[in-house]
Amino acid sequence: MPLADVDPLGAPRRPTGVPELDRVLGGGLVAGSVTLLGGEPGMGKSTLVLQALGAMAAAGARCLLVCAEESAAQVRLRADRLGTLAPDLLVACETSLPHVCAHAESLQPDVIAIDSIQAVQDPDAPGGPGSVSQVRDGASRAQRLAKELGIATLLVGHVTKDGSLAGPRALEHVVDTVLSFEGDRHHALRMLRALKHRFGPTDELGLMEMTGDGLVPVSDPSALFLADRRVGASGSVVAAVLEGSRPLCVEMQSLVVPTGAPMPRRVAQAFDGGRLAMLVAIAQQRAGVALAGLDVFASVAGGVRVAEPGADLALALALASASSGVPVAADTVVVGELGLGGEVRQVPQIGRRLAEAQRLGFARAIVPASSPDVAGIRLQRVTDLEEAARATGLAP
Ligand code: TYD
Ligand code: MG
């Protein structure tokens, strides 16, 4: 058929009622699509799914929750605790894949969630529960069912610590959307990202906190990430980064110590190791930062992972500050990408980043040369790392 005759709104989106989940999905679940929610055990996948289904059921959708791991009583207790006990939320405790399909066909729900895909199996198919062949078979049958009946389908998948997922990795090409639910077991912060998304952007970050009443959105992430910052400490520089469409201020930290090993170590946490090695080289070569023979540690405080070059300049200055022991003024925020020549490059949406920094009370920003003025914050435009080091008092 002519492409122009296709209804562009052919796949309606149903908001899940969980704001941070909707943010990552680009508005909600698409009818007839399959979304895989992967994460380590204990992250809160079952909680997230129950909150979403409860909210969608309360909004009038016919929702079926297939619990293959927990009893109906356990789920009922959790729903009571979360206050998501909607009358139209149906539950089936079932591990047999053919039975799950039969339920879906007879109920024709708008939304179905299977928790988890590793725990359901077809007794007549080869492989035990959780085996790659069973998991793949389960996902492709869920995909067929979703397409035939127009059901928005959510699959929960367990991911092990080392990332070797006896499931989700094998499923990525079978499903339409892959969400990853991450966090540190010892912290309440949870991050939701789309690794693959046929119906929207993949760069949105959802931020939630696990509380006694379930998952709640983080209302002011920057304030949360900067809450425990030690003012006046060397090796600490605040960067204004962009996570999806949201500007965030995060503290880039660095620590350098004389190495005891033949090869100095470069350890990056919540930050790409290769990028750290590159920034160490740039700082040494282009700004004369003394890092030879030193172990270098770099991290992003607060647990959020920064995968954006806009934090380059801040981390390079954190290295210079750690190496010299001179702190960078606490009211200073830094934005900019670094090239191998030590040049500072412009980053997308600089204005929104600086507005976020200004809102948080930062008075001065070290920014790329082409940055436009932003009300309420004094800009110091720099062209290279050396100039930025001088502007922050780290170089004479
Ligand atoms: P769960 O959703 O069961 O994780 P997953 O399905 O990913 O394995 O929940 C994980 C943890 O969260 C569990 O140890 C208890 C805790 N929790 C809360 O702190 N608050 C809550 O309201 C709920 C439901 C769970
Ligand atoms: Mg679970």
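In this chain, residues are counted from 1 in sequence order. Atoms within each ligand, like the ligands themselves, are counted from 1 in listed order. The structure displayed is predicted, hence computed values, not measured ones. These numbers come from the heavy atoms of this one structure, side chains and all, not from hydrogens, waters or symmetry mates.
- Arg62 and Gln108 share no side-chain donor-acceptor pair at under 3.5 Å.
- Side chains of Gln121 and Thr95: a donor-acceptor N/O pair is absent below 3.5 angstrom, by distance only.
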**Evaluation steps, side-chain contact (heavy atoms from CB on, under 4.5 Å), between Leu29 and Thr177** = CA-CA 10 Å; Leu29 291 171; Thr177 300; over 6 Å; no
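- Pocket lining of ligand 1, defined as residues with a non-hydrogen atom under 4.0 Å away: Glu40, Pro41, Gly42, Met43, Gly44, Lys45, Ser46, Thr47, Arg78, Arg81, Leu82, Met210, Thr211, Gly212, Asp213, Gly214.
- Contact between Leu242 and Pro348 at its shortest, heavy atoms only, is CD2-O, 4.2 Å.
- Checking Ile112, Val66, Leu64 one by one against His103, the side-chain contact (heavy atoms from CB on, under 4.5 Å) holds for a single residue, Leu64.
- The Mg ion (ligand 2) has Ser46 OG as protein N, O or S atoms under 2.8 Å away.
- For the residue pair Arg193 / Ser180, no side-chain donor-acceptor distance below 3.5 Å is found, with atom types taken as modelled.
- Not counting sequence neighbours, Pro327 has no partner by the side-chain contact (heavy atoms from CB on, under 4.5 Å) test.
- At a cut-off of 3.5 Å, with distance as the only test, a side-chain donor of Glu94 or His99 sits close to an acceptor on the other residue.
- The salt bridge (Lys or Arg N to Asp or Glu O under 4.0 Å) search around Asp22 returns none, not counting sequence neighbours.
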